[in-house]
Amino acid sequence: MAQKGKFQAIKGTRDLLPPETELWNWVESTAREVFGTFGFGEIRPPIFEPTELFARAVGGETDIVSKEMYSFAENPDLGLLEEMRGYAINMFDLYKENADPGFFILAVSNLLAAVNLRERAGEVGIDSNSRSGCDQLEHLLEKLPPYDWSRPSPTIGENESALLTQIFFRVQLLTFSDRVSLRPEATASVCRAYIEHNMNQWPAPVKLYYLGPMFRRERPQKGRYRQFYQIGAEVLGGTDAPGIDAEVIEMVMTFFAKLDLQGVQLEINSIGHNAPECRRGYVEKLRAALVEVKDNLGEDSRKRIETNPLRVLDSKLEHEQAIIATLPKIGDSLCGECKGHYAEVKRQLEMRGVAYRENWRLVRGLDYYMRTTFEITAQGLGSQNAVCGGGRYDGLVELLGGPPTKGIGFAIGEDRLILSLLEARKEAASGEERPASGRVGCDVYIAWLGAKAQATAIAAARKLREAGLRVELPAVEQKFGKALGQADKLGAKYALILGEDEVASGQWTVKRLADGLQEKMAAGEVAEYVKQKK
Ligand code: HAM
């Protein structure tokens, strides 16, 4: 981070700077415009939420939740107690591996002392469950015979052993802090908000979009950051009609077309629903097939045979590709209803003229999906080429404590989208002007000389800006030659020259910088003149 007194952005984070931020703004306003035409309204959920929300929605076993979240205790004092509790639990594990039980007893005693001290100091309020848990622990500790520190490995009798186990269970039940996490994605937050604001009472379906930063502790590389931006949309409630799936996909494709994103490829799949006659049956078939070829798989895939066989299909390892091609395909194991739903999604996409490719290996890395899954890739992105991912997640709202609710949505990786647009422009432009939407620039540079001219220049700048022009007004006086040089550097289109003559006559000089054409005109005419010729 800080080296020799210099600060740098943390690994995996970066500053977005002008003129590139102009492109970001244009992309975002285009998203708002396009999504608006499909009836979506904006939601802005908080950037941090209870860790448990993501664990439950995205899945505790997923990479995102198990390795990549930025999590912390909401209250640092309670966080410290939580750490002491964790330490006591570790000491119990060590005791089970034959370490001295004294470490465990000491850790629990210290924890209780810390709780009491902090409570007395009024630093933390401990909930009644944990308070009574602590009281019971004190009582249990008192029942232990006085511990003899002079004996390195005291013999523990059956009574003591049972007591220690009881103490351990009590310690496990204590909770001091609510952990929170920076959001790694926003679908969970949108579903939480849907429940919290009783959106099931709103006219169905509820259509929401969001944009903003997400956080995942991934290994940074081109197109992969630890703070990255998503533009996403979710449709909640109402039916699971395949027309909704198709329209959501049509909306992203319309957005990409409007941005003129190059090399767009849509891949779709259906992963069925979580029932023995559908996906669960398939997972068992897949697991059995994977066990057969286990010795030829890499370590990650071998682990996943047990934890999440579907994720093996996601593998990018070269030598696994041929093996994966021989595995059973999910399409052959879908139940009748899911098969029908998938067929209708495809038909609906065709009706909308949306070109797609089927990819039976598209299973996605978050646990909440069912039926339709999709991903979109674009050109110029190297290995991190997924610019959008999404799918259906009926049941997620219910899993989070809400009513049974249908859901489908997607999120676009905005960083990757911008990278792809920039790459395409680099290729196409070769000196050509970029579209105005992607440029920060200057329409009029005001070159002024003399105190009176400054007053006129300030008033002129205000008028021109009110007319929507981008105006640069130097704060200090400059000789005209220098001012015009500066205007050139900034890429200004016009220079408005205000010297004593101009101020006295009210006839201002406007110079077109591209060819040096210079014209005099009345003050009130400048804005219109520049706008017409812009
Ligand atoms: P996801 O596939 O995890 O899905 O992320 C969606 C997109 O976010 C990816 O396709 C990628 O473009 C971008 N992305 C993900 N991680 C990074 C990163 N570390 N750096 C840069 N870009 C990244 C979701 O997040 C789901 N919530 C999508 C969804 C919404 N499904 C239903 N509704």
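Note that ligands are numbered from 1 as they come in the structure, with each ligand's atoms numbered from 1 the same way.
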Could you identify the single nearest non-hydrogen protein atom to [atom] and state the distance to 0.1 Å?
{"atom": "atom 13 (C) of ligand 1", "value": "G413 CA, 3.5 Å"}
{"atom": "atom 10 (O) of ligand 1", "value": "A386 O, 3.4 Å"}
{"atom": "atom 20 (N) of ligand 1", "value": "Y225 N, 3.0 Å"}
{"atom": "atom 26 (C) of ligand 1", "value": "Y368 OH, 3.3 Å"}
{"atom": "atom 23 (C) of ligand 1", "value": "F228 CD1, 3.4 Å"}

Would you mind listing which atoms of ligand 1 come within a distance below 4.0 Å of any non-hydrogen atom of [X]?
{"X": "C388", "answer": "10 (O)"}
{"X": "G390", "answer": "31 (N)"}
{"X": "L366", "answer": "3 (O), 4 (O)"}
{"X": "E185", "answer": "25 (O), 26 (C), 27 (N)"}
{"X": "G223", "answer": "20 (N), 21 (C), 22 (N)"}

Inset, instruction - State yes or no: are the ring centers of F35 and Y209 separated by less than 6.0 Å? - result: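 Ring centres of Y209 and F35 closer than 6.0 Å.
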Inset, instruction - Find out whether the Lys NZ or Arg CZ of R85 is both under 6.0 angstrom from the six-membered ring centre of F176 and within 45° of the ring's axis. - result: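 No; the conditions do not both hold, so R85 does not lie above the ring face of F176.
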Would you say [X] has any N or O atom under 3.5 Å from an N or O of ligand 1, going by distance alone?
{"X": "A411", "answer": "no"}
{"X": "Y210", "answer": "no"}
{"X": "E218", "answer": "yes"}

Inset, instruction - Consider ligand 1: state whether an atom of it lies below 4.0 angstrom from any non-hydrogen atom of G232. - result: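 It does not; every heavy atom stays at 4.0 Å or beyond.
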Legend entry - D415 heavy atom under 4.0 Å from ligand 1: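 It does not, in that no heavy atom of D415 comes within the 4.0 Å cut-off of ligand 1.
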Inset, instruction - Could you check which of Y369, F410, F374 puts a non-hydrogen atom nearest to atom 31 (N) of ligand 1? - result: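 Result: the heavy atom closest to atom 31 (N) of ligand 1 is in Y369.
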Inset, instruction - Pick whichever of R364, E234, R219, Q230 has a heavy atom sitting closest to atom 6 (C) of ligand 1. - result: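 The option holding the nearest heavy atom is Q230.
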Inset, instruction - Using the salt bridge (charged side-chain N to carboxylate O under 4.0 Å, His left out) rule, pick out the option among R219, R217, R304, K303 that qualifies with D63. - result: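 Output: one option passes, namely R304.
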Do NZ/NE/NH1/NH2 and the carboxylate oxygens of [X] and [Y] come within less than 4.0 Å?
{"X": "E423", "Y": "K426", "value": "yes"}
{"X": "R179", "Y": "E82", "value": "no"}
{"X": "D240", "Y": "R371", "value": "yes"}
{"X": "D332", "Y": "K329", "value": "no"}
{"X": "R347", "Y": "E350", "value": "no"}
{"X": "R364", "Y": "E375", "value": "yes"}

Inset, instruction - Report the part of I408 (side chain from C-beta onward, or backbone N, CA, C, O) that has a heavy atom under 4.0 Å from ligand 1; answer both or neither where that applies. - result: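 Under 4.0 Å from ligand 1, I408 contributes no heavy atoms.
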Inset, instruction - Check step by step if side chain to side chain donor-acceptor pair (under 3.5 Å) holds for S189 and E49. - result: CA-CA 7 Å; S189 304; E49 298 262 11; 3.0 Å; yes
Inset, instruction - Could you check whether the rings of F72 and F48 sit parallel, tilted or perpendicular, using 30° and 60° as the cut-offs? - result: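 The rings of F72 and F48 sit tilted, inter-plane angle from 30° to 60°.
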